Amino acid sequence: MKTLTITKPDDWHLHVRTGAILQTVMPHTARQFARAIIMPNLKPPVTSVAQALSYREEILQAVPGDLDFTPLMTLYLTGSTTVEEIKKAVGSEHIHAFKLYPAGATTNSDSGVADIKAIYPLLAAMERHDIPLLVHGEVTDEACDIFDRERAFVDTYLTDITRDFPGLRVVVEHVTTIEAVQFVQDAGANIAATITPQHLLFNRNAILAGGIRPHHYCLPIIKRESHRLALVKAATSGNPKFFLGTDSAPHLTSLKENACGCAGCYSAHAALELYSEAFERADALDKLEGFASFYGADFYRLPRNTGTVTLEKTTWTVPPVYGENGLSITPLKANEELCWQLK
Ligand code: NCD
Ligand code: ZN
């Protein structure tokens, strides 16, 4: 049987929530990854080092005893974040970045930043103390077409931020467009990007053609085929600026299959399988290890992992849902076949 063995990978963009959802999803991620950057968009958001450390304990409690997993915590930037909190975060070995959500851009972003210029003193402090800024790169202007919101963010805010803080390390999270890929490629070595499995595998037809498919709805929204091709090219190029970030976002099935379904795709159950499929289709399986296991660690200045994981070329069917006791999370590719399986 064909197999693929790579250094144990990390997930550089992950949502795990709390409580029963956390209990359901944590075993999936801990099986696949050694570490993950944990997104802070809880309700209420994780804005202080103290909150992040207690959230970290809750996550560790949800990791099955036979698995080794390290959560890498982040803080949510708001208009009220202080330079003092940034210094505290820099001083904590468990906090690795700050996340910038433009207010209203995505799930649980109400506390996000309404005026990016108003947080310039915070960005200056982050640049000075060399802690990365993770960006949800979409404008929230209602007049801006939803398919253009990332490009508009790149043209305005991102260009400004990287010009005004040339030393700041920035991850443009979940890039979805040719323009964002181009921006990251042309920028300095301190600017990187994560790419999700859904943006590598699907174009926008997967949301809208032949019926509306809420489980393919995430933000930034999946774009047209030419953008998908640019993302595949970037991910499989061997350029260390592009690395794995699933953006796996567990939402209850009932909130996705809804007249106003929420944004986010759950992919932690089969993250490596999904990426392997995308890389194999591009005839670039040899590039998966750098993307999944090396470049993110190098960017965050963490040691590369030592163990390995092995995937087998074998067909299996993704279950319709995950969860117990009435909790139901519909995974990406539910009821569909995958051609790789993690051993
Ligand atoms: C994420 C979530 O559900 O937390 N949703 C999504 O569509 N990606 C938030 C985010 O990363 O935008
Ligand atoms: Zn996310």
Side-chain angles (χ1 to χ4, degrees), residues 10-19 21-22 24-26 28-29 33 36-47 55 59 71-77 96-113 132-140 146-147 149-150 153 170-177 180 192-202 204 206-207 213-223 231 243-258 260-269 271 274 296 322 329-332:
D10 303 302
D11 186 347
W12 300 100
H13 184 132
L14 178 68
H15 303 267
V16 292
R17 322 294 191 208
T18 59
I21 292 183
L22 171 65
T24 305
V25 304
M26 207 52 247
H28 291 164
T29 287
F33 298 104
I37 282 281
I38 306 295
M39 287 295 151
N41 61 331
L42 303 182
K43 274 190 204 160
V46 180
T47 54
Y55 184 28
I59 292 168
L72 308 170
M73 308 310 292
T74 63
L75 298 189
Y76 189 117
L77 268 180
H96 295 270
F98 279 84
K99 178 75 187 275
L100 169 60
Y101 289 100
T106 185
T107 306
N108 300 348
S109 64
D110 305 348
S111 320
V113 172
L133 173 72
L134 316 182
V135 182
H136 183 108
E138 286 191 289
V139 300
T140 53
I146 188 160
F147 289 95
R149 288 181 187 183
E150 181 176 279
F153 189 90
V170 178
V171 183
V172 189
E173 297 294 339
H174 40 50
V175 286
T176 65
T177 56
T194 52
I195 304 182
T196 78
Q198 62 268 23
H199 293 103
L200 291 176
L201 289 168
F202 303 131
R204 64 193 196 177
I207 318 170
R213 293 169 212 274
H215 298 294
H216 293 163
Y217 173 61
C218 68
L219 290 171
I221 197 159
I222 296 172
K223 308 298 192 295
L231 296 171
F243 44 84
L244 185 157
T246 61
D247 195 20
S248 177
H251 288 275
L252 298 180
T253 302
S254 58
L255 298 180
K256 295 280 302 170
E257 296 174 5
N258 188 295
C260 184
C262 48
C265 297
Y266 182 65
S267 61
H269 63 295
L274 294 161
Y322 288 102
I329 296 165
T330 302
L332 207 59

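Because the structure is a prediction, the values reported are computed rather than measured. Whatever order the structure lists ligands and atoms in, that order sets their numbers, starting from 1.
Side chain of Thr74 to main chain of Ala97: no donor-acceptor pair is present (N/O by atom type, distance under 3.5 Å, no hydrogens or angles). Judged purely by atom type and a 3.5 angstrom limit, His216 uses its side chain to pair as donor or acceptor with the backbone of Ala206. Arg149 places no side-chain N or O within 3.5 Å of a backbone atom of Pro220 that could act as its donor or acceptor partner. Here the side chain of His269 pairs a donor or acceptor atom with the backbone of Leu332 at under 3.5 angstrom. In this structure, Tyr101 contributes its side chain and Asp110 its backbone to no donor-acceptor pair below 3.5 Å. Formation of a donor-acceptor pair under 3.5 Å by the Ser248 side chain with backbone atoms of Ala268 is found in this model. Side chain of Lys256 to backbone of Tyr217: a donor-acceptor contact under 3.5 angstrom is found. No donor-acceptor distance shorter than 3.5 angstrom exists from the side chain of Thr330 to the backbone of Thr253, with no hydrogens or angles considered.
With a heavy-atom cut-off of 4.0 Å, Asn41 touches ligand 1 through its side chain alone. At a 4.0 Å heavy-atom cut-off, ligand 1 touches Arg17 through the side chain alone. By the criterion of a heavy-atom distance under 4.0 Å, the side chain of His136, and not its backbone, is placed next to ligand 1.
For ligand 1, the atoms sitting less than 4.0 Å from at least one non-hydrogen atom of Gly264 are 5 (N), 6 (C), 7 (O), numbered in the order shown with element in parentheses. Atoms of ligand 1 found under 4.0 Å from any heavy atom of Leu219, numbered from 1 in the order shown, are 6 (C), 7 (O), 8 (N), 12 (O).
Remark: minimum distance from atom 12 (O) of ligand 1 to any protein heavy atom is reached at Thr106 OG1, 2.7 Å. With respect to atom 8 (N) of ligand 1, the closest heavy atom belonging to the protein is Asp247 OD2, 2.6 Å. Looking only at protein heavy atoms, the nearest one to atom 5 (N) of ligand 1 is Ala263 O, 3.1 Å.
Rounding to 10 degrees, one finds that the Zn ion (ligand 2) sits at the corner of an angle of 90° between Asp247 OD1 and His13 NE2.
The Zn ion (ligand 2) has no N, O or S atom of Glu173 under 2.8 Å away, backbone or side chain. Checking His15 against the Zn ion (ligand 2), an N/O/S atom falls under the 2.8 Å cut-off. Residue side and main chain included, His136 places no N/O/S atom under 2.8 Å of the Zn ion (ligand 2).
Checking only distances, Tyr217 never comes within under 3.5 Å of ligand 1, N or O to N or O. At a 3.5 angstrom cut-off on N or O pairs, Cys218 does not count as close to ligand 1.
When the heavy atoms of His13, His251, His15 are ranked by distance to atom 3 (O) of ligand 1, first place goes to His251.
Checked by atom type, the side-chain pair Tyr266/His28 shows a donor-acceptor distance below 3.5 Å.
When each of Glu150, Glu138, His199 is tested with Thr176 by the rule side chain to side chain donor-acceptor pair (under 3.5 Å), just one qualifies, namely Glu150.
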